[in-house]
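Heavy atoms only: backbone and side chains are in, while hydrogens, waters and symmetry mates are out. All residue numbers refer to positions in the sequence shown, counting from 1.
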Amino acid sequence: KLEISSPMDALAAGIETIYQDLALAENLNVPSNIFLGRERTKTVLGVLKVLDNGFMHEESKKVLEKLDIVIPSLRNRIRSLSGGQRQAVAISRSIYWDARLLIMDEPTAALGVAEQRKVLDTVKRLKSHGIGIIMISHQMHDVFQVADRLIIMRRGEKVAERVTKETNADEVVSLIVGAETVT
């Protein structure tokens with residue numbers, strides 16, 4: 001049992017969230033976003049602290065390679081990346097900081113089919129690395145590709161729990177909209 005009183009408590013427990021809007025700073029580059037709020041500094045001239053951009057660049061490259069994510073140039077600003085690449089940066093940021101549980105809010109929303117596939121492949125890779133993932137989504141096709149079990153909610157209340165292999169999208173949607181009673 002874990003009591004979480006603040007976002008900082010969640011981070012300390014290894015719980016990271018990837019919001020639907022990704023919460024990225026579009027005017028910054030990839031390493032700056034991965035280290036946003038947790039920037040690495042170094043001391044120069046014995047007293048002056050400056051950003052250690054070289055370290056952050058190399059570490060960002062390593063986490064992207066670990067997740068098999070390709071971004072042409074880490075120096076590009078986030079605003080120049082595709083939706084899927086932005087999602088990959090948000091995921092990489094969480095993984096770099098040793099997330100043990102990742103909460104993803106609508107991770108494939110507003111992405112093209114190819115980018116959706118890349119995000120779902122990344123979710124599968126994270127799962128294979130032992131990272132727990134809570135994926136909040138209305139996209140049944142996506143959910144059934146990556147989920148082991150489902151918690152079905154209607155109007156903010158849990159109405160059912162199912163093992164993915166033992167149900168189908170029609171049953172889940174019926175439970176969500178209240179057309180089927182819970183058994």
Could you tell me which non-hydrogen atom of [X] sits nearest to which non-hydrogen atom of [Y], and how far apart they are?
X    : Y    : result
F144 : V172 : CZ-CG2, 3.9 Å
P31  : S60  : CA-OG, 3.2 Å
I131 : A99  : CG1-O, 3.9 Å
R154 : L175 : NH1-O, 2.5 Å
A147 : L150 : CB-CD2, 3.8 Å

Taking the side chain as C-beta and beyond, is there a heavy-atom pair between [X] and [Y] under 4.5 Å?
X    : Y    : result
R93  : L24  : yes
R162 : E166 : no
Q116 : L111 : yes
E59  : R40  : no
I78  : N29  : no
P107 : Q87  : yes
R117 : D121 : yes

Taking atom [atom1] of [X] and atom [atom2] of [Y], what is their separation to the nearest 0.5 Å?
X    : Y    : atom1 : atom2 : value
E65  : S92  : CD    : OG    : 11.0 Å
L74  : E58  : CG    : CD    : 9.0 Å
R86  : E115 : CZ    : CD    : 10.0 Å
I133 : K127 : CD1   : NZ    : 8.0 Å
S80  : Q85  : OG    : CD    : 8.0 Å

Same cluster for [X] and [Y] if Ile/Leu/Val/Met/Phe/Trp/Tyr side chains link at under 4.5 Å?
X    : Y    : result
I103 : L120 : no
L28  : L81  : no
I151 : M104 : no
I136 : L101 : yes
I134 : L2   : yes

Return yes if a side-chain donor-acceptor contact under 3.5 Å exists between T164 and D148, otherwise no.
no

Report, one line per pair, each donor and acceptor closer than 3.5 Å where one atom sits in a side chain of residues 47-55; sequence neighbours left out.
residue, atom, partner, partner atom, Å
D52, OD1, F55, N, 3.2

For F35, give me all partners under ring-ring contact (aromatic ring centres under 6.0 Å, His included), at least two apart in sequence or on another chain.
Y96, W97

Let me see the working for M135 and V143 under side chain to side chain contact (heavy atoms under 4.5 Å, CB included), right down to the final yes or no.
CA-CA 8 Å; M135 187 166 111; V143 170; 4.0 Å; yes

May I have the step-by-step check of side chain to side chain contact (heavy atoms under 4.5 Å, CB included) for S73 and N76, ending in yes or no?
CA-CA 6 Å; S73 173; N76 288 344; 3.7 Å; yes

Pairing residues for [X] by the salt bridge (charged side-chain N to carboxylate O under 4.0 Å, His left out) criterion, not counting sequence neighbours:
X    : result
K66  : none
R79  : none
E106 : none

What pairs of donor and acceptor atoms, side-chain ones from residues 10-22 against any protein atom, are under 3.5 angstrom apart with sequence neighbours left out?
residue, atom, partner, partner atom, Å
E16, OE2, R38, NH1, 3.4
E16, OE2, R38, NH2, 3.2
D21, OD1, A23, N, 3.2

Using side chain to side chain contact (heavy atoms under 4.5 Å, CB included), reason through S32 and M56 one step at a time and then give a plain yes or no.
CA-CA 7 Å; S32 296; M56 292 187 291; 5.7 Å; no

Would a distance-only check, ignoring hydrogens and angles, find a side-chain to backbone donor-acceptor pair under 3.5 Å from S6 to D9?
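It does hold such a pair.
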
Please check this pair: side chain of R77 against backbone of N27, looking for a donor-acceptor N/O pair closer than 3.5 Å.
yes

Before you tell me yes or no, could you show the steps for T108 and D142 under side chain to side chain donor-acceptor pair (under 3.5 Å), namely the whole-Å CA-CA distance, both residues' side-chain angles and the distance that decides it to 0.1 Å?
CA-CA 8 Å; T108 59; D142 296 351; 2.3 Å; yes

Any carboxylate oxygen within less than 4.0 angstrom of a Lys/Arg side-chain nitrogen, looking at E161 and K158?
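Yes, this pair counts.
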
CA sep, side-chain torsions, deciding dist, call: R125, T122, side chain to side chain donor-acceptor pair (under 3.5 Å)
CA-CA 5 Å; R125 271 194 301 282; T122 302; 3.2 Å; yes

Any chance you could lay out the side chain to side chain contact (heavy atoms under 4.5 Å, CB included) test for V30 and L64, step after step, and finish with the verdict?
CA-CA 10 Å; V30 173; L64 290 165; 4.2 Å; yes

